[in-house]
Amino acid sequence: MDLPADLNPEQRAAVVHRGGPLLVLAGAGSGKTRVIVHRIAHLVEAGAPPWSILAVTFTNKAAGEMRDRVERLLGPAARDVWVSTFHSAGAQILRREAEAVGLTREFTIYDEDDQLSLAKRILREANREADSASARDFLAAVDRAKNGVADHDRTGDLPELAERYRRSLRAANAVDFGDLLALPVELFQKRPDVLARWRRRIDHVLVDEFQDTNLVQFKLLELLAPPGTDLCVVGDDDQSIYRWRGADISHILGFERDYEGAAVVKLERNYRSDGNILAAAQGVIEKNEHRHGKRLWTERGPGEKLHLLWAQDERDEADRIAAGLAELHEGGLPYGEMAVFYRINAQSRVLEEAMRIARIPYVIVRGRSFYERAEIKDAVAYLRLMVNPRSDVDLLRIVNSPPRGLGETTIERLSRHASFANLCLYDALAPQEVLRIEGLNAGARARLGKLRVLLDELCELAHTASAGTAAEAAIVRTGLLGRWEAAQEPEAVERAENLRELVGAAGEMDARFERDRSEGARPEGLPAFLGPSEAVPAADGVPPEPGSDLDETPEGGALLRFLEEIALLGEADGNTPADRVSLMTLHAAKGLEFDAVAIAGMEDGILPHSRALGFGASPEEMAEERRLCYVGFTRARHHLMVSCARARALFGDLRFNAPSRFLADVPAELFDRPLPEREESPWKRERAASGVHVDYSYDQSYRAPRSFGGGRRYPPRGRRTMELEVAPTVAPVGATGMTVRHAVFGVGRVVAADGDGPDAKLTVRFPSVGDKRIVARFVTPV
DNA sequence: TGAGCGTCAATTAGC
DNA sequence: TTGACGCTCA
């Protein structure tokens with residue numbers, strides 16, 4: 001039971017606390033994961049059976065990391081700890097309790113696209129607008145309802161439509177992401193006996209990123225770990241940035257109220273950032289009102305000051321950021337240790353261009369992409385049908401993919417017949433049913449019949465074949481692969497390669513499945529697809545033996561698991577071998593850290609986003625923007641660049657944004673230069689001069705939110721010639737004697753020039769650092 | 001069926 | 001400005 005000597009007193013307290021709910025307020029960089037991992041190990045070493053521990057996170061990445069680290073501490077015993085994402089935990093509960101909620105174990109998990117296409121169909125059948133926007137609105141409302149958020153719906157028939165949506169899902173033996181959590185909660189509430197089984201199994205619950213929990217997740221926790229259970233939640237109210245997708249910061253703020261007698265441990269010692277960076281972050285965050293209140297501290301020195309970049313426009317900004325990063329690289333810092341953050345994705349394009357021009361290797365960090373490709377989704381749709389032929393969304397996806405002469409009208413007739421006869425589409429494809437479909441010609445009938453034969457062959461396979469074989473069949477027998485192999489274009493070649501890669505991935509799953517089976521181990525936490533539901537928790541209060549629920553279902557096990565992994569897992573994460581600068585949104589930055597960080601667009605209207613500034617904006621929105629800024633700052637270990645642009649072209653408008661109000665909350669002495677004055681926009685000046693009343697709530701071209709009447713555009717179109725006012729991005733420097741500014745070294749004088757144009761090598765004399773050889777493009781004339 | 005064109009909208013994004 | 005989407009025409 002020895003704890004590592006280098007745990008600090010608070011970390012230690014969090015690890016060893018027993019006997020009641022525990023809230024760990026873990027500041028950025030305070031060693032949070034370490035605490036969770038050691039707490040788990042400590043529990044096991046103190047005699048808790050590993051399978052009685054549930055640790056929940058939000059992302060697969062976090063879960064994977066936690067699992068690895070627990071395994072490093074505990075060895076093989078760690079395999080029995082149930083480390084899982086919320087959704088994956090929900091899915092596993094549902095697989096076991098499927099019958100109780102009207103599903104079979106083979107249920108399909110619908111992703112956003114699937115949901116969208118189902119929603120469109122529901123709306124269409126109800127003679128409502130069925131475009132994407134309406135479908136999205138509809139789904140959002142359904143989701144809010146699932147989240148227990150009361151909705152004063154304007155349409156009146158939302159409940160009925162929502163019910164139809166729900167019924168369609170069930171008829172398809174499918175659930176959406178929301179169901180993965182909502183259905184277990186519903187089930188547990190209705191069936192205390194079922195809940196009791198699960199409760200008996202789980203004695204210790206740990207939750208990571210608790211500030212991000214939404215209502216359903218909170219309810220699930222309340223059910224599985226009611227007051228009195230050993231519940232440990234870890235999080236940081238200052239890093240709550242997902243309000244907009246349902247996260248409720250009051251869960252972490254009110255934890256001591258909800259769980260009476262909860263102990264609270266604050267982890268405030270930061271092991272990541274230099275002092276100045278922490279001080280800047282502190283200055284920003286302490287302006288927020290409702291917080292537990294932490295003050296990060298470090299034993300490190302102050303380190304560098306924050307580099308403040310004041311650019312002419314967004315391209316200039318990108319160039320200067322690139323220059324700053326290149327400079328750090330010259331100083332020996334690998335590109336892999338650097339990152340550029342931005343508030344909105346639209347900012348990334350310019351940044352990418354600047355990186356390319358400056359020949360800086362970069363990656364855009366975003367979620368999944370492989371499984372979003374059309375050809376992969378097609379193949380996966382076949383695979384899902386093999387396991388669950390009732391999934392209409394999947395059938396509709398592949399009915400004419402690859403093209404087999406089943407056009408819109410035929411599909412329409414088929415669907416109509418199916419819904420009339422109350423059948424799923426697969427059943428409607430049965431020979432006797434096809435005969436009954438009205439209005440079909442003989443050719444169409446034959447083609448439908450052929451599709452059914454194909455599907456039957458495939459389904460047959462699913463029961464006997466490995467995941468690899470099934471995937472192979474799904475791309476070969478269907479003609480998916482052939483369709484792209486036949487073509488020459490590079491795109492077709494790529495698609496074919498992707499399809500083969502999918503087969504490869506399925507093969508890997510087979511290997512893993514076999515390995516787990518032969519070792520008798522639980523595959524990554526609780527076994528997802530093994531055994532009847534009764535086998536999970538013992539019925540009589542005796543803790544189940546580890547492995548007691550390993551009676552396997554031989555057929556389709558690996559394929560089911562493969563499909564679940566595809567549904568719940570993002571891109572195969574983890575491998576970022578290349579030495580590249582990471583470009584990402586501030587949201588994507590949470591949880592990461594870099595030696596050097598640049599944040600682009602530190603302007604009112606960008607960060608904080610204009611939505612948080614406009615009329616109807618709530619103070620909570622502004623508070624969240626502030627937290628987002630805080631998250632960005634606290635990612636940096638040693639170098640932090642923040643930049644704003646005088647003018648910014650965005651969405652076809654040119655805006656003149658004031659420097660972010662958050663910058664004003666950073667003590668001025670932490671910057672390497674004074675904050676720029678807030679400038680009046682030329683339009684405002686011009687219009688005021690011409691006697692037009694000007695009253696903008698803030699100084700930029702402001703577009704009112706749609707719901708507030710019309711979206712009037714300031715300034716009127718035609719004002720774009722303003723762009724001419726902006727200094728050229730790539731400076732025409734070259735002449736010796738010229739005064740120039742460099743992003744890192746400031747202002748200096750060109751003392752020698754080698755060549756000309758943006759690639760010229762200049763020798764610039766800076767008062768601060770002396771002579772530097774610098775490529776001309778990294779410098780602007782003053 | 002798919003290429004081409006006009007319209008419209010535009011944070012953030014995990015499972 | 002980009003991009004997504006729906007509609008039209010060959």
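Naming: A, B, ... by sequence-line order, numbering from 1 per chain.
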When you measure from the side-chain N and O atoms of A:S610 to the phosphate of B:dT11, is any distance below 4.0 Å, counting only OP1 and OP2? no
Closest to the [X] side chain, choosing from [options]:
X	options	result
A:K120	C:dG6, B:dG14, B:dT11	C:dG6
A:L568	B:dC15, B:dA13, B:dT11	B:dC15
A:T585	B:dT11, B:dA13, B:dC15	B:dA13
A:R349	C:dT2, B:dG14, B:dT11	C:dT2

Can you label the angle between the A:F177 ring and the A:H87 ring as parallel, tilted or perpendicular, going by 30° and 60°? perpendicular
Does the structure place the NZ or CZ of A:R95 under 6.0 Å from the centre of the six-membered ring of A:F107, at an angle of no more than 45° from the ring's axis? yes
Pick the nucleotide of DNA chain B nearest each of A:F58 and A:E624; which residue has the one closer to the 5' end? A:E624
Using heavy atoms to find the nearest nucleotide of DNA chain B for A:I344 and A:N400 separately, return the residue whose nucleotide is more 5′. A:N400
Students often get this wrong, so: under 4.0 angstrom with heavy atoms, is [X] touching a base, only sugar-phosphate, or nothing?
X	answer
A:E112	base
A:Q217	nothing
A:N345	sugar-phosphate

Whole angstroms only, please: what is the [atom1]-[atom2] distance between [X] and [N]?
X	N	atom1	atom2	value
A:D653	B:dT11	CG	C1'	16 Å
A:I599	B:dT12	CD1	P	17 Å
A:D113	C:dA4	CG	C1'	13 Å
A:Q211	B:dG14	CD	P	16 Å
A:H587	B:dT12	NE2	P	9 Å
A:H609	B:dA10	NE2	P	11 Å
A:R124	C:dC5	CZ	P	14 Å
A:K61	B:dC15	NZ	P	11 Å

Are A:N657 and A:C644 packed together at the side-chain level, in the sense that at least one heavy-atom pair is separated by less than 4.5 angstrom? no
Are A:D176 and A:Y165 linked by a side-chain donor-acceptor pair shorter than 3.5 Å? yes
Could you walk me through whether A:Y342 and A:I606 satisfy the side chain to side chain contact (heavy atoms under 4.5 Å, CB included) test, starting with their C-alpha distance in whole Å, then the side-chain angles of each, then the deciding distance to 0.1 Å, before giving a yes or no? CA-CA 9 Å; A:Y342 36 84; A:I606 305 286; over 6 Å; no
List the steps, then state whether side chain to side chain contact (heavy atoms under 4.5 Å, CB included) holds for A:N288 with A:R627. CA-CA 8 Å; A:N288 265 359; A:R627 294 191 289 265; 3.6 Å; yes
Regarding B:dT12, can its base be found pairing with the side chain of A:R343 as donor and acceptor, where the two atoms are less than 3.5 Å apart? yes
Please name all residues satisfying side-chain hydrogen bond (donor to acceptor under 3.5 Å, both in side chains) with A:Y110, sequence neighbours left out, ordered by chain then number. A:S391
Give me the residues of residues 235-247 of chain A where at least one heavy atom lies under 4.0 Å from an atom of DNA chain B, by number, or none. A:W244, A:R245
With centres under 5.5 Å and planes under 30° as the test, does A:H87 stack with B:dC15? no
Main-chain N/O of A:L139 paired with A:Q115 side-chain donor or acceptor, under 3.5 Å: no
Same-atom distance (C1') from B:dT12 to C:dC5, integer angstrom: 22 Å
